[in-house]
Amino acid sequence: MRLVTWNVNSLKARLPRVEGWIAEHAPDVMLLQETKCADAAFPAAAFTALGYESAHYGDGRWNGVAIVSRVGLGGVRAGFEDAAPDVAGECRILSADCGGVRVYSVYVPNGREVGSEFYAAKLSWLGQLRRELDATCEPSAAVAVGGDFNVAPEDRDVWDIGAFAGLTHVTEPERAALREVMGFGLTDVVRLLHPAEAGPFSWWDYRGGAFHKGEGMRIDLVLASAPLAARVEAAFVDREARKGQGTERQPSDHAPVVVDLSP
DNA sequence: ATGGTAGCGCTGCTA
């Protein structure tokens with residue numbers, strides 16, 4: 001089973017690229033983030049035409065998450081089961097059962113500035129994610145939590161840690177909150193299969209030619225429970241999908257993260 | 001050089 005997570009930065013703007021990527025890479029389950037559309041505008045028919053079921057949770061201009069599957073799609077839950085008041089109201093998590101795996105598509109808040117109310121909300125959201133897992137699944141089952149975490153787990157997951165002094169995505173509280181999520185019993189499977197290298201990065205700023213300068217970050221993750229992590233045959237970032245700046249159809253600023261699982 | 005790009009949508013916010 002091929003499981004993919006991809007922050008598409010507007011599904012409307014990216015649909016041709018997403019369709020093309022599906023045709024070329026034949027994913028079984030795709031976790032999408034930043035669809036930037038309302039449920040009524042979600043292009044479900046485009047996925048149906050390709051042989052996929054889909055579910056979406058979005059309310060308009062920002063955020064929005066989706067799950068697309070050709071191996072079944074049931075038990076869909078939009079949002080947190082028990083949303084705390086400080087994390088309610090944004091469409092950032094969607095979960096479902098696909099091919100025997102409980103999958104979560106997550107879009108962690110960016111945090112904006114360290115110390116801001118948005119930064120506090122990001123830490124709170126990650127805490128809520130851990131509680132969601134505790135309440136809705138078991139680490140002994142096949143569970144995958146994939147998405148844009150907006151946290152670089154280690155210093156080597158950014159191009160130059162010196163450039164991040166005082167900035168979000170690399171602070172210890174963010175990393176500690178991510179570790180709390182993983183403490184549920186989840187393994188970062190790209191890191192599992194790439195134990196010694198920097199990155200591989202999954203996001204590059206649109207500005208300043210960051211992609212071509214290698215100035216990226218690894219913030220899109222697939223976290224798997226132990227039974228699922230044991231099935232990982234490959235885990236990689238498709239950098240090709242980040243290319244094509246200046247062409248008619250722009251790429252997302254994120255590349256797909258691909259995980260291949262044995263039956 | 002306090003910039004830059006992309007998306008949404010029409011003014012400025014978000015990333």
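Here is the naming used below: chain letters follow the sequence lines, and residue numbers restart at 1 for every chain.
- Put simply, CD on A:E90 is 16 Å from P on B:dC13, counting in whole angstrom units.
- B:dG9 and B:dT14 are spaced 13 Å apart, taking the C1' atom of each and rounding to whole Å.
- Taking the charged nitrogens against the carboxylate oxygens, A:R156 and A:E197 have no contact shorter than 4.0 Å, which rules out a salt bridge.
- To the nearest angstrom, P of B:dT14 lies 15 Å from NZ of A:K122.
- Listed by residue number, there are no residues of residues 148-156 of chain A with a heavy-atom contact under 4.0 Å to DNA chain B.
- Residue A:F211 contributes atom CZ, which lies 14 Å from atom P of B:dA6 at whole-angstrom precision.
- Between A:H254 and A:N9, the residue anchored closer to the 5' end of DNA chain B is A:N9, taking for each the nucleotide with the nearest heavy atom.
- Using a 4.0 Å heavy-atom distance criterion, A:F118 is classed as making no nucleic acid contact.
- A ring-centre distance under 6.0 Å is not found for A:F149 and A:Y107.
- Summarising the geometry, the separation between NZ on A:K12 and P on B:dA6 is reported as 18 Å, rounded to the nearest angstrom.
- Atom-to-atom, CG of A:N63 to P of B:dC8 comes out at 14 Å; the value is rounded to the nearest Å.
- Each of A:R14 and A:G208 was matched to the nucleotide of DNA chain B holding its nearest heavy atom; the match closer to the 5' end belongs to A:G208.
- Contact annotation: A:R112 reaches the phosphate of B:dA15 (side-chain N/O to OP1 or OP2, under 4.0 Å).
- To the nearest whole angstrom, the two C1' atoms, one in B:dT11 and one in B:dA1, are 26 Å apart.
- The nucleotide whose nearest atom lies closest to any side-chain atom of A:E34 is, among B:dC8, B:dG7, B:dA15, B:dA15.
- Using a 4.0 Å cut-off, no side-chain N or O of A:S10 falls inside it from OP1 or OP2 of B:dA6.
- A salt bridge between A:K243 and A:E240 is present, with a side-chain N of the basic residue lying under 4.0 Å from a carboxylate O of the acidic one.
- Taking 4.0 Å as the cut-off between side-chain N and carboxylate O, A:E180 and A:R131 do not count as a salt-bridged pair.
- Under the 4.0 Å criterion applied to side-chain N and carboxylate O atoms, A:R191 and A:D157 are assigned as salt-bridge partners.
- The CH2 atom of A:W204 sits 16 Å away from the C1' atom of B:dA6 (whole-angstrom rounding).
- Side-chain N/O atoms of A:R207 include none lying less than 4.0 angstrom from OP1 or OP2 on B:dA15.
- Between A:W203 and A:F211, the ring center distance fails the sub-6.0 Å criterion.
- The distance between atom CH2 of A:W62 and atom C1' of B:dA15, rounded to the nearest whole Å, is 11 Å.
- A salt bridge is defined here as a Lys NZ or Arg NE, NH1 or NH2 lying under 4.0 Å from an Asp or Glu carboxylate O, and A:E172 with A:R179 meets this definition.
- As a whole-Å value, the separation of A:D205 CG from B:dG7 P is 13 Å.
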